[in-house]
There are 2 protein chains.
Amino acid sequence: MKLMTLKKRSRMPSSRLALQEKEMRAKFLLSGSNPKRKVLSKNPAKIDALLKKNIRAIGVDDGYFKPRTIGRTKIVAVLQRVDGRIEGILCSDVEIDGFDSTSQIVKMLKDNQEKFLGQAEVIFLGGVNFAGFNIADVKTLHAELALPIIIVFRKMPRMKKIFKALEKFPDASKRKELLKNAGRIYKADRICFQCVGLRPYEARGLIKRFSIHSNLPEPVRIAHIVASAVTLGRSTAP
Amino acid sequence: MKLMTLKKRSRMPSSRLALQEKEMRAKFLLSGSNPKRKVLSKNPAKIDALLKKNIRAIGVDDGYFKPRTIGRTKIVAVLQRVDGRIEGILCSDVEIDGFDSTSQIVKMLKDNQEKFLGQAEVIFLGGVNFAGFNIADVKTLHAELALPIIIVFRKMPRMKKIFKALEKFPDASKRKELLKNAGRIYKADRICFQCVGLRPYEARGLIKRFSIHSNLPEPVRIAHIVASAVTLGRSTAP
């Protein structure tokens, strides 16, 4: 398919070519939920070449909160170009240990469809749990936002410990279900990740492209810095 | 002086050289308040070469507020490397039409001396007035923070209009004094600026180096985006 595109290139007007490439890219990035789709390439270099030069990603992370208290904390979304340019930031809040992280993320991004959500081609989350155990339903996020989702962690999460901590909640089974929804944990170069709506090797390629200044994808790093600064007065290390 | 340094380079151990360069840079950047200092170079290219590759700057801007109301709005400081890496963010607040912008900026930055203020070599302000007519005393800022200060504007401020608006305040003369403190307004490539603690051609060089993704120095652009997102929920164009 790649070869065909390259052959046709010279005969097609550039506007139509751009459209075709855009469609191909969209198909490639959005087809994750369809198990029947064809794999375009297993080579990360080719995936890289397929993606437009200045694709954008959204990074989401939460701010500081005092664990096991009643209240809310900030949640921040950053839209960033792969060359590092920050295009915009959104700010909302979630309940500590509540159940509204999924709906709050969907609302925040859908309310800003044109200038924010519509610009991005992938969403990075700084973990599945926001404000303690307010666990996001990543499958709902993927379906509602129509974008592939990559959840990144610095270290492999200790699932046994997390499941034990969840036992204290009256609705532990519901929260466990949400955690399991995020699927298998994979390893990238120096971080761990889960992915919904795209294949692990595609996620690895995107993580690599967006990790400009650290091991973390830059939109998530900035979202963490902003959210911690807003809630603490000074940013903490992501 | 430049030639002498270049000649000696080969005979000196690299650590001593680095120290000498650092001292020279510090002297160069900090000597603005001393009218007797020698100008190292009038050539922006040479100034560029004198500055370390990854120097850092702080950008300060304020968030949204409803004009002529009683209350406070957020003020955000961003520490950013000249290659675009955001190193940290601070967040504080200032009174609408009050007098605390100078003290709040000094406090916010001095409270974070080691990881924030001490890392920067210049401060960019997104205007002298924060939260309406809470005008910062840039000479005090320069003296207290021991860093050169560059105030940037997208358009030439209409001083007549501003002075007229100030007339409504009972302490108009005090505010006018603060405004005049910032000195003459110069033109850079596509923006206007005032500078305290360094010469206009040095300021032009620094503005050019830090304007990575737009006409504005990147730390001020990011400070605006963060401050507007925190106060409005969604960032506005800087």
Side-chain angles (χ1 to χ4, degrees), chain A residues 54 56 58-61 63-64 73-93 104-105 107-117 119 211-216 218-238, chain B residues 54 56 58-61 63-64 73-93 104-105 107-117 119 211-216 218-238:
Chain A
N54 266 334
R56 294 168 179 85
I58 291 171
V60 182
D61 209 356
Y64 170 82
T73 188
K74 293 284 176 194
I75 191 164
V76 168
V78 174
L79 176 70
Q80 194 165 21
R81 235 165 42 185
V82 73
D83 68 350
R85 186 181 201 264
I86 293 171
E87 310 259 89
I89 294 179
L90 301 178
C91 194
S92 185
D93 48 35
Q104 286 294 90
I105 293 172
K107 189 183 179 305
M108 174 167 72
L109 296 179
K110 277 202 167 178
D111 281 354
N112 296 281
Q113 173 70 39
E114 198 186 334
K115 288 200 175 173
F116 210 91
L117 182 60
Q119 303 287 325
S211 301
I212 313 167
H213 293 301
S214 72
N215 300 331
L216 280 179
E218 200 59 10
V220 169
R221 200 180 73 87
I222 303 298
H224 175 91
I225 287 178
V226 173
S228 57
V230 173
T231 46
L232 286 168
R234 134 178 49 187
S235 58
T236 57
Chain B
N54 265 335
R56 292 168 181 85
I58 291 171
V60 182
D61 208 356
Y64 170 82
T73 188
K74 294 284 176 195
I75 191 165
V76 168
V78 174
L79 176 69
Q80 193 165 20
R81 235 165 43 186
V82 73
D83 69 350
R85 187 181 200 264
I86 293 171
E87 309 257 89
I89 294 178
L90 301 178
C91 193
S92 184
D93 48 35
Q104 287 292 90
I105 293 173
K107 189 182 179 305
M108 174 168 72
L109 295 180
K110 277 202 167 177
D111 281 354
N112 297 282
Q113 174 69 41
E114 198 185 336
K115 288 200 175 173
F116 211 90
L117 183 59
Q119 303 287 324
S211 302
I212 313 167
H213 292 302
S214 72
N215 300 330
L216 281 179
E218 200 58 11
V220 170
R221 200 180 72 88
I222 303 297
H224 174 91
I225 286 179
V226 173
S228 57
V230 172
T231 46
L232 286 170
R234 133 178 50 185
S235 57
T236 58

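By convention in this document, chain letters (A, B, ...) are assigned in the order of the sequence lines, proteins followed by strands, and residues within each chain are numbered from 1. When reading the values below, keep in mind they use all heavy atoms of this one structure, side chains included, and skip hydrogens, waters and symmetry mates.
Between chain A and the options Ala229(B), Ser228(B), Gly233(B), the largest number of non-hydrogen pairs under 4.5 Å is found for Gly233(B). Listed options Arg81(A), Arg221(A), Lys74(A) were ranked by heavy-atom pairs under 4.5 angstrom with chain B; first place goes to Arg221(A). Your options are Ser214(B), Gly84(B), Cys91(B), and the one with the most heavy-atom pairs under 4.5 Å with chain A is Cys91(B). Chosen from Asn112(A), Leu232(A), Asp111(A), the residue pairing most often with chain B at heavy-atom distances under 4.5 Å is Asn112(A).
Within the 4.5 Å cutoff, no side-chain heavy atoms of Ile86(A) are placed close to those of His213(B). Using a 4.5 Å heavy-atom threshold, the side chains of Ile222(A) and Ile222(B) count as separate.
Distance OG1/Thr236(B) to CD1/Ile89(A): 11.0 Å, rounded to 0.5 Å.
Other residues, nucleotides and ligands contribute only 12 or fewer heavy atoms inside 6.0 Å of the CZ atom of Arg234(A).
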